[in-house]
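Read the structure below first, then the notes.
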There are 2 protein chains.
Amino acid sequence: MKEFITILKKTVLFSGVKENEIEAMLSCLQARKFSFKKGEFVLSQGQRLDNILILAKGKLHIQQDDYWGNRSIINIVNPREMFGEAYAAPESGAVMNDVMAVEDSEVIFFDVKKILTVCSSTCRFHTIVVQNLFYAISERNRRLVQKLGYMSKRTTREKLIAYLSDQAKRQNGSSFSIPFNRQQLADFLSVDRSAMSNELCKMRNEGLIEFDKNHFTLL
Amino acid sequence: MKEFITILKKTVLFSGVKENEIEAMLSCLQARKFSFKKGEFVLSQGQRLDNILILAKGKLHIQQDDYWGNRSIINIVNPREMFGEAYAAPESGAVMNDVMAVEDSEVIFFDVKKILTVCSSTCRFHTIVVQNLFYAISERNRRLVQKLGYMSKRTTREKLIAYLSDQAKRQNGSSFSIPFNRQQLADFLSVDRSAMSNELCKMRNEGLIEFDKNHFTLL
DNA sequence: TCGTTTACGTTGTAAATACAACAGACTTGC
DNA sequence: GCAAGTCTGTTGTATTTACAACGTAAACGA
């Protein structure tokens with residue numbers, strides 16, 4: 001229990017809630033922790049979900065595979081980040097994506113109904129958490145729109161430029177690292193890996209960018 | 001004021017709130033209505049937004065144009081639907097898209113801070129509205145992910161199939177209408193209009209689909 | 001009614017992409 | 001240290017797309 005609290009107090013969901021308040025809430029939120037090995041699925045497309053999840057340790061990919069084996073990485077989940085909250089609404093249907101551990105991971109499960117309904121109108125902390133939940137999903141919403149921005153570009157080069165300039169802006173500098181290897185970046189942008197690799201090298205030859213592994217510099 | 005209430009009581013945001021309760025809230029929410037002619041911009045990329053908006057009448061497109069004039073339609077807004085709520089969080093930056101009226105439209109503006117903070121912990125209706133807001137943005141989140149599903153398909157044909165099957169499922173039948181003309185559908189899927197038109201006709205010739213204007217049938 | 005505009009389909013060409021196959025550098029596990 | 005596996009870049013080909021240009025039909029407005 002103590003272990004949960006040290007992690008949770010640094011999450012967006014519990015931002016502004018003190019440790020002893022978190023401890024008080026945990027008793028009614030019925031948090032449980034599960035472990036997943038690299039390559040295992042935390043959630044699978046089609047299943048029902050009544051939980052909000054927080055990644056305690058490791059790294060996850062939210063992804064979708066089609067009939068032909070093309071993988072599309074919707075999003076990545078880093079420690080202390082929340083996911084599954086899009087399915088917190090009562091009328092939300094089945095999960096539309098797979099969530100896979102790309103490293104050995106530990107995930108905390110919260111019961112959605114407890115967060116949203118139990119004493120939500122009386123307990124101060126609960127109100128804060130609901131608002132935090134709203135801010136978090138609002139932020140994710142903006143991220144998704146941003147990703148739609150990359151994806152709506154017609155050519156691989158434009159997609160790369162859109163994504164890389166965005167990363168540069170987000171990391172406040174023209175030199176930065178990305179959380180993907182080549183195959184994962186290609187899956188994230190929904191393009192062919194070799195074609196993308198080719199395009200990256202062309203851009204390097206033209207003096208637009210430099211890179212070494214997953215570290216990039218815009219020129 | 002009376003005019004607002006008849007519209008608002010049918011919106012997701014005020015679902016479960018009685019007319020007299022809405023009337024009571026409106027006084028503190030400072031709702032204001034603005035009109036926009038077809039082609040006018042309701043919101044522009046880069047501007048700050050401190051409002052949640054509800055479309056009272058007309059039709060809007062949430063879109064993005066790039067340097068080369070390629071338009072990408074992120075989403076469409078129909079009457080009684082809400083938009084701009086992704087920027088309700090205090091740390092959200094500038095608006096990332098344009099919102100354009102594609103018909104003569106009327107839009108109601110609400111002050112975000114009033115909705116989220118004023119008496120939110122004491123007033124029952126306010127709590128409901130915040131929860132409705134959460135459900136709404138949660139639903140939009142799922143829609144965005146679904147659109148990412150269309151966009152992540154590699155070929156125009158696959159994108160069309162993904163979108164059309166989804167519409168069929170949503171409208172519970174293999175015969176349905178879509179809210180786009182050809183150019184708008186192309187902008188929505190981020191493909192070239194003529195290439196898409198070509199592909200649609202090929203699919204018709206192959207006996208996969210039938211269509212007349214914006215009405216489609218899957219075979 | 002007539003001229004204008006808009007929407008849709010069609011075609012040809014240049015450009016970009018997917019796909020497969022392969023080579024070299026590097027990592028990992030034994 | 002070595003073998004196996006992974007990651008990245010490279011190349012060639014077939015497929016697909018973007019773009020421009022044009023014809024037609026329907027809708028619209030004066």
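None of the values given here were measured: they were computed from a predicted structure. Side chains included, hydrogens not; waters and symmetry mates left out as well; all remaining heavy atoms used.
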Parallel, tilted or perpendicular: rings of B:Y163 and B:F180 (30°, 60°):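 Ring orientation of B:F180 relative to B:Y163: tilted.
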Relative to the ring of B:F109, is the ring of B:F34 parallel (under 30°), tilted (30 to 60°) or perpendicular (over 60°)?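 B:F34 vs B:F109 ring planes: perpendicular.
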Check this one for me: any side-chain N or O of [X] less than 4.0 Å away from OP1 or OP2 of [N]?
{"X": "B:R182", "N": "C:dG9", "value": "yes"}
{"X": "A:T155", "N": "C:dA16", "value": "no"}
{"X": "B:N181", "N": "C:dA7", "value": "yes"}

Is B:E103 salt-bridged to B:K37, going by a charged N under 4.0 Å from an acidic O?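 So B:E103 does not pair with B:K37 through a salt bridge.
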A:R193 vs A:T156, nearer the 5' end of DNA chain C by closest nucleotide: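 In this pair, the answer is A:T156.
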Decide yes or no, distance alone: a donor-acceptor N/O pair under 3.5 angstrom between the base of D:dG9 and the side-chain of A:R204.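 Result: no qualifying N/O pair found.
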Would you kindly compare B:S194 and B:K202 by the position of their nearest DNA chain D nucleotide and give the one closer to the 5′ end?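 Residue closer to the 5' terminus by nearest nucleotide: B:K202.
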Contact nearer the 5' end of DNA chain D, comparing A:R154 with A:N205: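 This one resolves to A:N205.
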May I have the distance from B:K159 (atom NZ) to C:dA18 (atom C1'), rounded to whole angstrom?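 Going from NZ in B:K159 over to C1' in C:dA18 covers 13 Å.
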Distance in angstrom units between A:L160 CG and C:dT17 P, rounded: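 Computing the A:L160:CG to C:dT17:P distance gives 9 Å.
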In degrees, rounded to 10°, what is the bend between the two ends of the helix from C:dT1-D:dA30 to C:dC30-D:dG1, using five pairs at each?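 Angle reported: 50°, given to the nearest ten degrees.
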By the 4.0 Å heavy-atom rule, please label A:F211 as base, sugar-phosphate, or nothing.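 The residue A:F211 makes sugar-phosphate contact but no base contact.
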Can you tell me if A:D166 and A:Q146 form a side-chain donor-acceptor pair at under 3.5 Å?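 Indeed, the side chains of A:D166 and A:Q146 share at least one donor-acceptor pair under 3.5 Å.
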